[in-house]
Novice: 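Please find one structure pasted underneath; my questions will follow.
Values reported hereafter were calculated over all heavy atoms of this structure, with side chains retained and with hydrogens, waters and symmetry mates removed. Because the structure is predicted, anything quoted here is derived from the model rather than measured. A note on names: the letters A, B, ... follow the listed sequences, proteins ahead of strands, and every chain is numbered from 1.
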2 protein chains.
Amino acid sequence: MKRKITLKHIARELDVSISTVSKALKNSEEIGQDTKEKIQAFAKLYNYRPNNIAISLKNKRTKNIGVIIPDIVHHFFTTVFRGIEQYANNKGYNVIVCVSDESFDKEVINMEMLANGSIDGFIMALAGETQLKNDFNHLKEVTEQGIPLVLFDRVTEDVQCDKVIINDEEAAYQAVKKLIASGRRKIALVTTEGYLNVSAKRAEGYFRALKEHHLPIDKDMILELPYQKDNEKKSEEFFRNRSIDAVLCVNEIFAVKCMGIVQRSGKRVPDDIAFIGFTDGILSRLSTPTLSSVDQHGELMGETAARMLIEKIERDHDQEEEEIFQTRIISATLVERESTLGSLK
Amino acid sequence: MKRKITLKHIARELDVSISTVSKALKNSEEIGQDTKEKIQAFAKLYNYRPNNIAISLKNKRTKNIGVIIPDIVHHFFTTVFRGIEQYANNKGYNVIVCVSDESFDKEVINMEMLANGSIDGFIMALAGETQLKNDFNHLKEVTEQGIPLVLFDRVTEDVQCDKVIINDEEAAYQAVKKLIASGRRKIALVTTEGYLNVSAKRAEGYFRALKEHHLPIDKDMILELPYQKDNEKKSEEFFRNRSIDAVLCVNEIFAVKCMGIVQRSGKRVPDDIAFIGFTDGILSRLSTPTLSSVDQHGELMGETAARMLIEKIERDHDQEEEEIFQTRIISATLVERESTLGSLK
DNA sequence: TTGTATGCGTTATCAG
DNA sequence: CTGATAACGCATACAA
């Protein structure tokens with residue numbers, strides 16, 4: 001077992017000082033040609049690599065960024081993560097991921113753990129519980145310490161930092177308009193229980209489109225589903241007892257589940273009912289029929305967040321100018337597939 | 001902006017030495033009660049937290065583990081990652097993820113980056129390219145340096161280390177037996193192009209079941225699909241020109257795609273053709289019909305890998321006993337759903 | 001009971 | 001051209 005070699009080993013072996021070795025390996029002009037060559041050759045032979053931890057301690061920069069997301073199995077977050085990871089890696093940063101599991105406590109613990117020197121900045125989407133509690137002190141503490149923070153998707157106005165979101169309201173509005181244009185009039189909304197934040201904005205877009213076309217807004221046409229658990233019965237009951245010709249769902253899972261229920265009850269998609277979901281993932285592409293879906297461009301979102309964060313990290317050290325926080329809005333786009341094909345009647 | 005406070009700050013402020021502060025905060029018996037209280041109160045007031053980096057440098061342990069996977073958007077890897085993250089976090093470890101993107105070069109670069117002190121051990125699944133190249137020097141270097149390594153799912157016999165895999169051959173065998181027991185005789189296999197390793201083992205199980213029941217093994221009944229790209233035409237052609245009454249697919253994406261193709265061509269699942277896939281993910285649960293699928297227990301796999309790794313990390317430092325490497329085999333289980341309901345004829 | 005010195009691996013400054 | 005020294009933040013063996 002050949003342990004990692006350090007500057008000290010090289011110095012001792014070659015009978016020079018540590019600082020000479022350090023400089024020689026950086027190809028410093030100060031060092032004589034022959035000494036440099038000798039040292040570089042030795043270093044290469046023993047495959048010397050500087051120790052990241054020591055460099056971090058010295059530079060007070062870790063080249064790590066911390067990502068805290070509510071759930072890694074969720075396709076949207078996975079996609080965002082991919083965007084982050086790719087961009088960050090290109091820039092020489094590594095990514096430490098923590099999953100909050102929608103729990104406030106875990107989010108706090110994870111943040112504190114990472115904030116003590118492990119990372120140069122955070123990218124995160126708030127846990128559901130955090131949004132409910134409306135307690136953002138852990139975020140504020142971090143920013144007050146001067147650690148850059150970028151929020152994406154699940155954001156809050158209570159914290160001053162960079163943000164990346166999509167135009168949820170507008171995207172939902174456009175989706176519903178599309179449904180109306182194809183002759184649908186009885187349009188239901190399937191959303192999350194106690195729908196917050198993102199879901200709420202999508203609901204607003206839904207309402208706006210209905211209003212604009214003088215269609216009635218009926219709370220009875222809104223189905224609220226628990227976030228992670230199954231609730232087939234509630235959904236079945238909903239569709240059984242209502243006359244519905246189109247549905248907007250706040251995610252693709254709800255959409256695909258509801259399409260299944262509706263089809264099993266003998267109705268046809270899109271002939272009898274059209275469906276549009278959010279999150280254009282693998283489910284949308286592979287369901288039968290394929291699902292029209294709002295693409296949230298997760299990868300772009302992640303890349304954008306990473307770019308904003310790294311800019312801030314690398315600027316931070318230069319000058320202490322007035323902090324400017326930006327909110328980037330990414331335009332969602334509707335991907336039309338079979339579930340909205342053709343007009344009604 | 002209140003910067004992070006250090007032992008030195010506290011020492012200066014309270015006019016004591018750094019080591020006194022250090023000991024006081026560890027509640028050492030050496031320090032006088034009153035000094036301890038004074039120091040602890042001050043530390044709490046200013047929310048002192050030890051710097052992770054400094055501790056890492058001192059202890060030569062980072063409490064980070066590195067995970068390198070080919071793809072984070074793939075459901076199976078995501079699930080494994082979740083198992084790793086949960087277990088590691090419980091044990092006080094953070095997880096740094098790098099995505100190799102199936103590329104040999106990226107895998108090497110990522111490993112080298114992390115191996116220079118950033119992590120205490122690796123968990124990884126080999127990139128497709130790495131398996132093709134059969135070049136594992138980067139893995140060997142790491143293990144030679146004494147960095148613990150656990151491989152999962154995509155493993156190789158060329159590297160001496162801990163491994164976690166599932167009984168792919170047996171699972172495929174059982175799946176095909178089940179198909180045969182329900183009266184199916186013309187059973188196709190859909191696998192990855194140049195099917196390696198995992199896919200190869202599943203193919204072996206498929207062959208074994210056929211042989212055991214004296215069914216013909218026909219290369220023409222095997223469809224090879226590119227890993228990530230679409231190839232609808234090839235699949236359509238395959239199913240159009242063959243008489244098939246059951247299909248085993250090496251992943252759920254292939255299965256769902258093929259079910260779609262078959263259904264669009266007018267055949268019925270499972271009445272005319274039964275389907276079984278691997279990777280029991282969201283697609284299997286939400287496709288129409290729902291897909292019978294081999295559950296690889298990704299989360300358990302991740303947890304197991306993390307447990308093995310952390311055990312090794314924490315033992316490593318004790319004694320220099322003879323290294324023992326284990327291979328844990330996780331039993332896959334077939335989850336039966338609509339796509340295999342009932343017998344043929 | 002408290003403080004000093006040393007080291008973890010590296011870099012930067014300054015002296016020789 | 002080369003080397004000694006200090007510093008990053010912390011822990012600890014050893015003095016006082």
Novice: So, are Arg82(A) and Asp101(B) salt-bridged, with charged N and O less than 4.0 Å apart?
Specialist: yes
Novice: Does a salt bridge link Arg154(A) with Glu102(A), judged by any charged N lying under 4.0 Å from a carboxylate O?
Specialist: yes
Novice: Classify the nucleic acid contact of Thr35(A) as base, sugar-phosphate or nothing, counting any heavy atom under 4.0 Å across all strands shown.
Specialist: sugar-phosphate
Novice: Does OP1 or OP2 of dT2(D) have a side-chain N or O of Thr20(A) closer than 4.0 Å?
Specialist: no
Novice: Under a 4.0 Å N-O cut-off, is there an ion pair linking Asp120(B) with Lys63(B)?
Specialist: no
Novice: Ring centres under 6.0 Å, that's the criterion: do Phe42(A) and Tyr46(A) meet it?
Specialist: yes
Novice: Over the length of the helix from dT1(C)-dA16(D) to dG16(C)-dC1(D), how much do the five-pair end axes diverge, rounded to 10 degrees?
Specialist: 70°
Novice: Between Glu303(A) and Arg307(A), is there a salt bridge with N-O shorter than 4.0 Å?
Specialist: yes
Novice: For Ser19(B) and Ser22(B), does a side-chain donor sit closer than 3.5 Å to a side-chain acceptor?
Specialist: no
Novice: Is it true that a side-chain atom of Ser17(B) and a backbone atom of Thr20(B) form a donor plus acceptor pair closer than 3.5 Å?
Specialist: yes
Novice: Which value, rounded to the nearest 0.5 Å, describes the distance between Ile65(B) atom CD1 and Ile96(B) atom CD1?
Specialist: 9.5 Å
Novice: Heavy atoms under 4.0 Å is the rule here; annotate nucleotides 9-16 of chain D 5' to 3' with B where the base is hit, S where only the sugar-phosphate is, and - elsewhere.
Specialist: BBBBBB--
Novice: For chain B and DNA chain C, what are the first and last nucleotides along the strand, 5' to 3', with at least one atom under 4.0 angstrom from a heavy atom of the protein chain?
Specialist: dT1(C) to dG9(C)
Novice: Measure centre to centre between the rings of Tyr48(A) and His9(A), then say whether the value is under 6.0 Å.
Specialist: no
Novice: Look only at the side chain of Glu107(B) and the backbone of Ile68(B), and say whether a donor-acceptor pair between them is shorter than 3.5 Å.
Specialist: no
